[in-house]
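Only heavy atoms go into these numbers, but all of them, side chains included; no hydrogens, no water, no symmetry mates.
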There are 2 protein chains.
Amino acid sequence: MDERKRRILELLVEDYVNMGEPVGSRTLSRKYQLGVSPATIRNEMADLEEQGYLEHPHTSSGRVPSDKGYRYYVDQLLERPGLDRSLIEGIQASYRAKAREIAWLIHQTARLVSDITAYPTVVLAPRGEDARLAGLSVVILAPALAVLVLQTDSGYIESRTVGVPPELMGSDLAAMVAEISNTLEGVPLRDLENAMVKRLRGDLWRHHGFWLEVIQRLASRGDDEERVALSGTRSMLNYPEFRDVERLKRVLGFLETESEIDRLLRTRVSGRVEVLIGTEVPADDIQDCSVVTAAYRAGDQVVGRLLVLGPRRMHYGRVIAVLEAVSEELSRALEWA
Amino acid sequence: MDERKRRILELLVEDYVNMGEPVGSRTLSRKYQLGVSPATIRNEMADLEEQGYLEHPHTSSGRVPSDKGYRYYVDQLLERPGLDRSLIEGIQASYRAKAREIAWLIHQTARLVSDITAYPTVVLAPRGEDARLAGLSVVILAPALAVLVLQTDSGYIESRTVGVPPELMGSDLAAMVAEISNTLEGVPLRDLENAMVKRLRGDLWRHHGFWLEVIQRLASRGDDEERVALSGTRSMLNYPEFRDVERLKRVLGFLETESEIDRLLRTRVSGRVEVLIGTEVPADDIQDCSVVTAAYRAGDQVVGRLLVLGPRRMHYGRVIAVLEAVSEELSRALEWA
DNA sequence: CATTAGCAGTCGTGTGTCCCGAGTGCTAAT
DNA sequence: ATTAGCACTCGGGACACACGACTGCTAATG
């Protein structure tokens, strides 16, 4: 693969990514002043096709990159575009506002990435299984109303408003919560239920039904709706690849199915940004799509991932750069200061 | 308009709502055993068309209800279907979990309604302008980290995690918050900023920049993203009316634009469920759609609305029934106990 | 030997034509 | 008032055709 072939492949991929239509030899030579005639380019393209980097939708059309072509482009030719100074600052600023509430963080991240890249984005909430209880606090708002705040050793915070049952209304709620907090400190969240059954005593035990329910809801990060955030699906309508409504339905269905996303993301283990192109994506519902994923960390441990989905013809360079920046900021936001 | 005409109009609307295709005289007579021949029905339909209740997409097709036809159906013929016992219980259960956090409430409601009705749903957050500060509390999680909880007289609660600036780290945060809370109790949220500038004294004044920012963020219910919840857009793909991608884009754009939704909903003042059919909807982007809206209350005052959008051919009866039930439950959840 | 011009060949797409069938409106019979 | 019968209308699918974009090949060129 000589220099000129590489150059042609690069230009072809980029033109196709931008234009969305098969690229012909004439276009290529005229548009990018390659200094050679279309015929020469045709010869080169024939070679590239034979080697599997290009495809021919049909005889009388221009060429399109194959998965292998994209792969070569991403691995060998792509240079990461530097992001705008102002864009980076925007990303940083958007994490400054409030930080530790998981639901907010993942929604914010999904929205941010889908806004910047114009591709749909899914963010998986951080794994919380290994987290341990670091503290439990209560704010009493009214005789029958309180806010409980749970804090983990990895720095997550969850709060819930709870109604106080009548039989507890006279008692010293703050003291009870403090006692629970002391008793259970250091217990992994997933063992909380067991630990409570075993360790609660006295007054606490008498009301353990109430406490159990409240704390379970706090610890499990409740409803699935808070375990995954999806944003930017509307942008799909801008890509001719998704003009077909049936296809749109399949892809959207996939993105909204937590188990599928989970399966796809949990098997990626590396801490770096990864790119899956076309058939490399192990999911039947999203044929002819590409996926870029990144990990984020809490401390030095990878705790979650996010994913950007687009047509195979996607702006890999920009997406990769954005994901690197965002996952970096998200990790920083999760750092336990 | 005699009984038989009414019956024909009713059946035609319902068949068209279910099938989505213009209804012919033959279909009508065969499918619903009207006891008269297609020819008779044709005559009746011709009359109904002349009176403006029906339309003819083209000469050789069946009839379709006009806006006036739907309107007559909704006002005169529609009988509200009773909802399943189990469905009602499901609705009630979904509000039992946690209650007073606005963002959660409106998202939950949007999701609930769009799941039940299979139409996209928008919920506007309650107006908060008239609410007054009822209390402010703090939970200190770490030297530099605290959760602030704001409570209004109408029962809303908002909480935010905040980083405590270094210069405040030694001081008695709880006392400061209690003092602010006392000082500002009863102040309408929209005047908080002014009131703080005027009333803060001593230590509090010295750090008023910090307090101002924190409390403003609490009171303004922050980002727009929390002022409106949208759910169920994917269900649009199931209606042939939205097969056209351009149209889909327009309608989605409308639903995602808070100002448009606001304009549409704020002008509806009644506390009951209202139906807008086709051209009755005052918005150019959503031609050929219908909208059902309902109000919800906090106490005895209407504080917000929600909206279900569908093709003109929508299941008015069911949507109305669901909105009545849901807005009732939502109002109950907002009641200040 | 690499490059290029020229030309025949291929095939998707847009356009025009035709036919079918569903459904109507009208008229005359009941 | 209702119904049967029939001519008529019109949208949509099937088919054919021409256009044009692009290729692949061959032969000429430096």
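- Salt-bridge check for R71(B) with E280(B): passed, with a basic side-chain N closer than 4.0 Å to an acidic carboxylate O.
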5' to 3', nucleotides 7-17 of chain D under a 4.0 Å protein heavy-atom cut-off (B base, S sugar-phosphate only, - none) gives --BBS------
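- In a base pair of the Watson-Crick type (N1 to N3 plus N6-O4 or O6-N4) or a G-U wobble (N1-O2 and O6-N3), with each distance short of 3.5 Å, dT30(C) is matched with dA1(D).
- By the side-chain hydrogen bond (donor to acceptor under 3.5 Å, both in side chains) test, E3(A) is found to be paired with R6(A), residues two or more places apart in sequence or in another chain being considered.
- By the side-chain hydrogen bond (donor to acceptor under 3.5 Å, both in side chains) test, T279(B) pairs with D67(B), sequence neighbours left out.
- Aromatic rings from Y316(B) and Y73(B) are positioned such that their centres are separated by 6.0 Å or more.
- Partners of E14(B) under the salt bridge (Lys or Arg N to Asp or Glu O under 4.0 Å) rule, at least two apart in sequence or in another chain, do not exist in this structure.
- Taking the charged nitrogens against the carboxylate oxygens, E55(B) and R63(B) have no contact shorter than 4.0 Å, which rules out a salt bridge.
- For Y239(A) and Y119(A), the gap between ring centers is short of 6.0 Å.
- DNA chain C lies under 4.0 Å from at least one heavy atom of each of the following residues of residues 19-38 of chain B: G24(B), S25(B).
- Look at CG on D2(B): it is 11 Å from P on dA1(D), rounded to the nearest Å.
- Atom NE2 in H56(A) sits about 10 Å away from atom P in dC22(D), given to the nearest Å.
- Nearest approach of A295(A) to S327(A), heavy atoms of both residues: O-CB, 3.3 Å.
- For residues 3-17 of chain A, proximity to DNA chain D is found at no residue, defined as any non-hydrogen atom under 4.0 angstrom from a strand atom.
- For R318(B), there are no side-chain hydrogen bond (donor to acceptor under 3.5 Å, both in side chains) partners at least two apart in sequence or on another chain.
- Counting only residues at least two apart or in different chains, salt bridge (Lys or Arg N to Asp or Glu O under 4.0 Å) contacts with residues 36-47 of chain A comprise R4(A)-E44(A), K5(A)-E44(A), K5(A)-D47(A).
- A heavy atom closer than 4.0 Å to some atom of DNA chain D occurs in R42(B), N43(B), these being the qualifying members of residues 42-54 of chain B.
- Not a single salt bridge (Lys or Arg N to Asp or Glu O under 4.0 Å) links E21(B) to another residue, sequence neighbours left out.
- Residues satisfying the ring pair (Phe, Tyr, Trp, His ring centres under 6.0 Å) test with F254(B), not counting sequence neighbours, are none.
- The ring pair (Phe, Tyr, Trp, His ring centres under 6.0 Å) test applied to F242(B) returns no partner, not counting sequence neighbours.
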